[in-house]
K.L.:
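This is the structure, below, for whatever I ask next.
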Amino acid sequence: MKFFHLSDLHIGLKLINYDLSEDQKYVFDQITAYACKEQPDAILIAGDIYDKAVPSAEAVELFDSFVSALNEAAPHAEIMMISGNHDSGPRVNVFRSILQRQHVHMIGLPPTKPEEHIEKITLNDSYGPVNFYLLPFVKPSMIKAITSSEDDDSPLSYNEAVHRLAARENINESERNILVSHQFYLPSGADPASVERMDSEVLTVGNIDVINADVLQKFDYAALGHIHKPMRVGSEFYRYCGTPMPYSVSEAGQDKGVIEVTMNEKGNVSVSVLPLTPLHAIRKIEGTLDEVLAQATDDYAYITLTDDSNNRQTQDRIDYAFPRCLKLNWNNIRTNNVVFTGSDPSSLSPYEFCLRFLNDLNDDEKRILESAVNAVKEEGEDQ
């Protein structure tokens, strides 16, 4: 059995002030071409379909055309997707039973009632069944009714909530099992701060959303979403595929692709990456004005000038040579202006900004501030 692993499409996202719909369609067309050529049995999208919980009409139209194209290119493939933290779970869940008849499985909500379980789609090949468990983004509050005990009603951590949710499932480990999930998983004992996170990601203060990856051990492959840089989670077969194209300056030069998984008999899994090429790459360019202008490009450019050329004519020449200039900075002896220094308030996270403003908080007060900032973030994501 062969399947594709995608995630974090973030349809509708803007890069600074640039509309990325044309760039996204360009990459989606490449994915569709791969689907036509490879004819996968399933196509998995591990969350963050949209960039906002209430996407624009244009974003919905682009997503509709992408799924339609996939369905036409690989008519026998089951298309399975879950909601991420940027999506509206209830909206993704709409018409769920109707879409399943068309081989499209859009799962927006985790189980919330005792009789409900993680959605399982079973496909069969010559080696027997392959079970796909589709788990949308989970906040502990969503599943409190089925994970809290009568004796202990205290709030659960993200880690405890997902482990208890997985423990409710009767997973037959003699069969081949796939998990599709959108969370922040890390191997036991790993430091969350050691994971390189991209500027395009939403981070929780204190990394309260970290989940111990031991919960993945019952699965033959984990198709993960949420982290925007491709990475493994302690195994070749527990993977974040990353975004299909760069969505921030921190992703400049990063290789993007679709993960293609081939699963034969139990224990025989192989993984390869089908590369994706952006319509416009993101480039960091630094040097004197003449050096920078010599690298004129139609790509998105983040430019730092190292000479004393800050005038109106300079701006005009940069705009002409770089029609997709994201930002123009100066870093020279006269300005001593280092890009994204700690003294620049715009470079601070909301938590860091509050810390600086309030000053001299003790540990208990910092924990209260962390909870407040995370609560505001979650409320904003749900709007």
K.L.:
Could you check whether K229 pairs with E201 (Lys NZ or Arg NE/NH1/NH2 to Asp/Glu carboxylate O, under 4.0 Å)?
P.N.:
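So K229 does not pair with E201 through a salt bridge.
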
K.L.:
Indicate yes or no: at least one non-hydrogen side-chain atom of F322 is less than 4.5 angstrom from one of R283.
P.N.:
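F322 vs R283: side chains apart.
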
K.L.:
Under 4.0 Å between a Lys/Arg side-chain N and an Asp/Glu carboxylate O for R164 and E160?
P.N.:
no

K.L.:
I'd like to know if R324 and D299 make a salt bridge, using a cut-off of under 4.0 Å between side-chain N and carboxylate O.
P.N.:
no

K.L.:
Using 0.5 Å steps for rounding, measure from the CG atom of L276 to the CG atom of L6.
P.N.:
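Rounded to the nearest 0.5 Å, the CG-CG separation comes out at 8.0 Å.
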
K.L.:
Between Y133 and F219, is a ring pair (Phe, Tyr, Trp, His ring centres under 6.0 Å) present by the stated rule, with each step listed?
P.N.:
CA-CA 9 Å; Y133 288 84; F219 299 94; 5.8 Å; yes

K.L.:
I'd like to know whether CD of E61 has more than 12 heavy-atom contacts from other residues, nucleotides or ligands below 6.0 angstrom.
P.N.:
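12 or below, so no.
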
K.L.:
Cluster question for you: counting only ILVMFWY and a side-chain heavy-atom cut-off of under 4.5 Å, with indirect links fine, are Y127 and V261 together?
P.N.:
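No, it is not one cluster - the side chains of Y127 and V261 are not joined through contacts under 4.5 Å.
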
K.L.:
For the pair H226 and F137, name the ring-plane relationship: parallel under 30°, tilted 30 to 60°, perpendicular over 60°.
P.N.:
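Because their plane-to-plane angle lies in the 30° to 60° range, the rings of H226 and F137 count as tilted.
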
K.L.:
Hey, are the side chains of I318 and L293 touching, using non-hydrogen atoms and a 4.5 Å cut-off?
P.N.:
yes

K.L.:
Donor-acceptor pair, distance only, cut-off 3.5 Å: does the side chain of Y185 make one with the backbone of V233?
P.N.:
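Between the backbone of V233 and the side chain of Y185 there is no qualifying donor-acceptor contact (under 3.5 Å).
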
K.L.:
Can you say whether the rings of F66 and F28 are parallel (under 30°), tilted (30 to 60°) or perpendicular (over 60°)?
P.N.:
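F66 vs F28 ring planes: parallel.
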
K.L.:
For atom CD of E236, is the number of surrounding heavy atoms from other residues, nucleotides or ligands below 6.0 Å larger than 12?
P.N.:
yes

K.L.:
Decide yes or no for Y158 and K139: does some side-chain heavy atom of the first lie under 4.5 Å from some side-chain heavy atom of the second?
P.N.:
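The answer is yes; the side chains approach within 4.5 Å.
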
K.L.:
Drop me the distance from Q254's CD to M245's CE, to the nearest 0.5 angstrom.
P.N.:
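Going from the CD atom of Q254 to the CE atom of M245 covers 12.0 Å.
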
K.L.:
Under a 4.5 Å cut-off applied to non-hydrogen side-chain atoms, are I178 and L44 in contact?
P.N.:
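I178 vs L44: side chains touch.
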
K.L.:
How far does CG of D8 sit from NE2 of H228, to the nearest 0.5 angstrom?
P.N.:
4.0 Å

K.L.:
Do H117 and N170 have a side chain donor and acceptor closer than 3.5 Å?
P.N.:
no

K.L.:
Is the closest side-chain heavy-atom distance between L135 and P110 below 4.5 Å?
P.N.:
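Yes; the side chains approach each other to less than 4.5 Å.
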
K.L.:
Compute the centroid of each ring, for Y18 and then for Y300, and state whether the two points are separated by less than 6.0 Å.
P.N.:
yes

K.L.:
Quick one: pull up CD1 in I211 and CG in N159 and give me the separation to the nearest 0.5 Å.
P.N.:
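I211 CD1 to N159 CG: 6.5 Å, rounded to 0.5 Å.
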
K.L.:
Think R197 forms a cation-pi with F184, using NZ or CZ under 6.0 Å from the six-ring centre and within 45 degrees of its axis?
P.N.:
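Ring-cation test returns yes.
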
K.L.:
Verify the neighbour count for atom CD of Q39: are there more than 12 heavy atoms of other residues, nucleotides or ligands below 6.0 Å?
P.N.:
yes

K.L.:
Check whether any side-chain heavy atom of S200 sits under 4.5 Å from a side-chain heavy atom of E251, and report yes or no.
P.N.:
yes

K.L.:
Say whether, by atom type as modelled, one donor and one acceptor occur between the side chain of R176 and the main chain of G128 under 3.5 angstrom.
P.N.:
yes

K.L.:
Under 4.5 Å between any side-chain heavy atoms of L109 and P90, yes or no?
P.N.:
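Answer yes - side chains close enough.
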
K.L.:
For a quick check under 3.5 Å, do D290 and T288 share a side-chain donor-acceptor pair by atom type?
P.N.:
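The criterion, which ignores hydrogens and geometry beyond distance, is not satisfied for T288 and D290.
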
K.L.:
Just checking D125: does its CG atom have more than 12 heavy atoms from other residues, nucleotides or ligands closer to it than 6.0 angstrom?
P.N.:
yes

K.L.:
Looking at K120 and E169, does any basic side-chain N land under 4.0 Å from a carboxylate oxygen?
P.N.:
no

K.L.:
When you compare the side chain of H182 with that of N85, does any pair of heavy atoms fall below 4.5 Å?
P.N.:
yes

